[in-house]
2 protein chains.
Amino acid sequence: MLTTERKALLMAALDKDGRIIAKEFSRKLDVSEDTIRRDLRELASEGLLQRVHGGALPASKALADLSTRGNVSADDKTEIGKIAAAMVKEGQIIFLDGGTTTARLARALRKDISLTVVTHSPDIASALIDHSRVEVEAIGGRIFKHSNVAIGAVAIEAISRIRADIYFMGVTGIHADYGLTTGDREEAAVKRAICSRSAETIALGSREKLGSVSAYSVVDFGVIDSVVVSKRCPEELLIPLRTKGVQIMGRST
Amino acid sequence: MLTTERKALLMAALDKDGRIIAKEFSRKLDVSEDTIRRDLRELASEGLLQRVHGGALPASKALADLSTRGNVSADDKTEIGKIAAAMVKEGQIIFLDGGTTTARLARALRKDISLTVVTHSPDIASALIDHSRVEVEAIGGRIFKHSNVAIGAVAIEAISRIRADIYFMGVTGIHADYGLTTGDREEAAVKRAICSRSAETIALGSREKLGSVSAYSVVDFGVIDSVVVSKRCPEELLIPLRTKGVQIMGRST
DNA sequence: TAATTTCACGCACGTTATTGCGCGATTCGT
DNA sequence: ACGAATCGCGCAATAACGTGCGTGAAATTA
């Protein structure tokens, strides 16, 4: 049984059944579960399927995709959202990035708080519909499907007309040497534009972001004022950041 | 049964029925109620649904409107959405209004169709995330909470830079004498702006809209090209419109 | 051909996730 | 206000996970 052959069988089965259960295939193909898991991991890293506990699902299942993405360190993100929400003061103008962590922040805002939220994420805009005293200013532009935010020249132009008190930035990588990074060039450009229009920038860093690096640099430390992390976050991940003079928030509370 | 799969089923059921009853799913999927409750709790913490005693409901009112249960002329809207979606041709640029009927239109679009959708509704933008070949252009501006669409000068300015093939307009009133009307002055202004930038304007009229009038006039017949109605719609409601020379679509199919 | 490298695989181990159940608290319907 | 249904939480058993390591086969090199 060739590796490639086995992977092809896995993909075919996924296509047919809409799901793969690792254990089943282990028996069916008479290889160890580890091997199947390895295969699935590799196929997942190629984006051909979506790895889940117990097996795999099609990659295209946006629903499964979204819920899984949100599930990575979910408690972390909720906590960070709460901490960040507590930093917001009545009457401020804040900019909220797209992403699951900022979505938590939006939900963690007091229902009766009165402020202005600017966002280029349709999801964030929709999430704030229940906050009757929160004025929402949506930034338009071409929607980047991967993260569901508006990007491009139109978005950047619209951002340049805004002035915010705080920008809560979501990134995919926070690294002492490489600064803040994200997976898309245009998204990075938008984040930079927002930075330059905000009095204060605060990055939200759930555990898996710390110490990791993505393809495109957003800004270096120094541009951002602080990083919010959860209490759960191991101290050793923070040490490199502290040496860079980054203010860490949410630890001592 | 994979955990993720179960969650996906829950979301699908919520989408379809507009509610989830924990006990029912416990039996249907043959797992304990605790497991369902846990799933629901987790999905709720991700903002994907709203937890209630006994089960769960859609996360937001907007999403609740999309479910077929407990909605005014829901089937009507679904049917109209399908008819309108069938009018869209590959490669076109279409403008989608906010509202539940246009949301159904968006859902009714073929998953593999390739076109550009312009919208000032965050909900519509989010709804199209699964349509990987649909390019979404979001119009920014101040969000009008009542209908959750971008309005104001910023929105109108952004609209003025777009040129669309078809505008699918949602209104709250369609009346032979008063034309098309809606409940907000600024929303009416936005609709007019979109009209003027679209080669063709098609109004979507679920049954309860026909013959009713709202406070603010959008446009008169003559500006719009046709009205889509459902088969269920009583003929007598249409007679006044026919005398005005409005083209009625979706009846003879 | 013999030595060496590369690779796939399975196994063991410690870690994490999932699940059902019991319990006391909360909420709902009457 | 009261009984019943539902809830959240902690616990323990089980399943699944990732990783490091050893083995042996295949490929490469000398």
Side-chain angles (χ1 to χ4, degrees), chain A residues 1-11 13-14 17 19-46 48-57 64-79 82 100 107 206-212 230-234 236-237, chain B residues 1-11 13-14 17 19-57 59 70:
Chain A
M1 170 69 54
L2 268 42
T3 306
T4 318
E5 199 179 347
R6 198 175 49 239
K7 284 187 183 176
L9 283 174
L10 285 167
M11 289 308 295
L14 181 60
D17 302 336
R19 120 193 83 179
I20 288 173
I21 289 160
K23 195 174 192 176
E24 280 182 9
F25 262 80
S26 167
R27 277 189 291 108
K28 195 179 302 185
L29 303 182
D30 199 37
V31 288
S32 76
E33 285 185 46
D34 301 70
T35 304
I36 298 294
R37 278 201 289 267
R38 240 186 296 254
D39 291 342
L40 293 180
R41 239 176 293 159
E42 282 159 23
L43 289 168
S45 79
E46 291 166 43
L48 295 171
L49 51 75
Q50 229 240 322
R51 190 76 175 82
V52 298
H53 200 94
L57 292 172
D65 185 53
L66 274 184
S67 87
T68 308
R69 207 190 307 176
N71 234 339
V72 180
S73 45
D75 296 339
D76 241 36
K77 290 179 179 174
T78 303
E79 192 189 325
K82 280 181 189 165
T100 53
R107 217 167 317 122
S206 54
R207 205 182 327 178
E208 86 278 8
K209 313 285 176 63
L210 295 170
S212 72
S230 74
K231 268 173 277 188
R232 258 175 290 270
C233 180
E236 59 264 29
L237 286 177
Chain B
M1 170 68 52
L2 302 168
T3 306
T4 318
E5 204 180 5
R6 197 177 50 238
K7 286 187 184 176
L9 283 173
L10 285 167
M11 289 308 294
L14 182 60
D17 301 336
R19 69 175 163 170
I20 288 172
I21 290 160
K23 198 174 192 174
E24 279 183 10
F25 264 81
S26 168
R27 277 189 294 106
K28 196 180 301 184
L29 303 182
D30 199 37
V31 289
S32 76
E33 283 185 48
D34 295 76
T35 303
I36 299 294
R37 277 203 289 267
R38 236 186 297 255
D39 290 343
L40 294 179
R41 242 175 289 158
E42 281 161 21
L43 290 167
S45 90
E46 289 161 39
L48 296 171
L49 52 75
Q50 181 194 341
R51 190 76 174 83
V52 295
H53 206 91
L57 292 173

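Reckoned from all heavy atoms, side chains included, excluding hydrogens, waters and symmetry mates. Note on naming: letters A, B, ... go to the chains in the order of the sequence lines (proteins, then strands), and numbering restarts at 1 for each one.
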Worksheet item: Bend across the helix from C:dT1-D:dA30 to C:dT30-D:dA1, to 10°, with axes taken over 5 pairs at each end?
Response: 40°
Item to complete: For residues B:Lys7 and B:Thr4, determine if any side-chain heavy atom of one lies less than 4.5 Å from a side-chain heavy atom of the other.
Response: no
Practice prompt. Just compare C:dA8, D:dC7, C:dT18 and give me whichever is closest to any side-chain atom of B:Ala22.
Written response: D:dC7
Item to complete: Hey, could you give me the CZ/CD1 distance between B:Arg51 and B:Ile20, rounded to the nearest 0.5 Å?
Response: 9.5 Å
Discussion item. Whether A:Ser32 contacts C:dC11 is assessed here as follows: a side-chain N or O lying under 4.0 Å from the phosphate OP1 or OP2. Is that the case?
Written reply: no
Worksheet item: How far apart are the closest heavy atoms of B:Met11 and B:Leu49, and which atoms are they?
Response: SD-CD2, 3.8 Å
Discussion item. Does C:dG10 have OP1 or OP2 under 4.0 Å away from a side-chain N or O of A:Thr35?
Written reply: yes
Item to complete: Establish whether the base of C:dC21 is bridged to the side chain of B:Asp34 by a donor-acceptor pair shorter than 3.5 Å.
Response: yes
Worksheet item: For the side chain of A:Arg38 and the base of C:dG10, is some donor closer than 3.5 Å to an acceptor across the two?
Response: yes
Worksheet entry | Whole angstrom value for the distance that separates C1' of C:dG10 from CZ of A:Phe25 | 19 Å
Practice prompt. Starting from P on C:dT18, measure out to CD1 on B:Ile36 and report it in whole angstrom.
Written response: 14 Å
Discussion item. side-chain contact (heavy atoms from CB on, under 4.5 Å), that's the test. Do A:Leu9 and A:Lys28 meet it? Break it down for me.
Written reply: CA-CA 11 Å; A:Leu9 283 174; A:Lys28 195 179 302 185; over 6 Å; no
Fill in: Exceeds 12 heavy-atom contacts within 6.0 angstrom, atom CZ of A:Arg37
yes
Worksheet item: D:dT6 P sits how many Å from B:His53 NE2, rounded?
Response: 7 Å
Worksheet entry | Rounded distance in Å - NZ (B:Lys23) to C1' (C:dG20) | 17 Å
Response to the item:
Whole-Å distance, A:Leu29 CG to C:dG10 P, equals 10 Å
Response to the item:
Whole-Å distance, B:Glu5 CD to D:dA16 C1', equals 16 Å
Fill in: Spacing of CZ belonging to B:Arg38 relative to CG belonging to B:Leu43, to within rounding of 0.5 Å
13.0 Å
Worksheet entry | hbond_proxy A:Asp39 side chain to C:dA8 base (donor-acceptor, 3.5 Å cutoff) | no
Discussion item. Between P on D:dG10 and CZ on B:Arg37, what's the gap in Å once rounded to a whole number?
Written reply: 15 Å
Worksheet item: Between atom CZ of B:Arg6 and atom CG of B:Asp39, what is the distance when rounded to the nearest 0.5 Å?
Response: 4.0 Å
Worksheet item: Whole-Å distance between C:dA8 C1' and A:Arg6 CZ?
Response: 8 Å
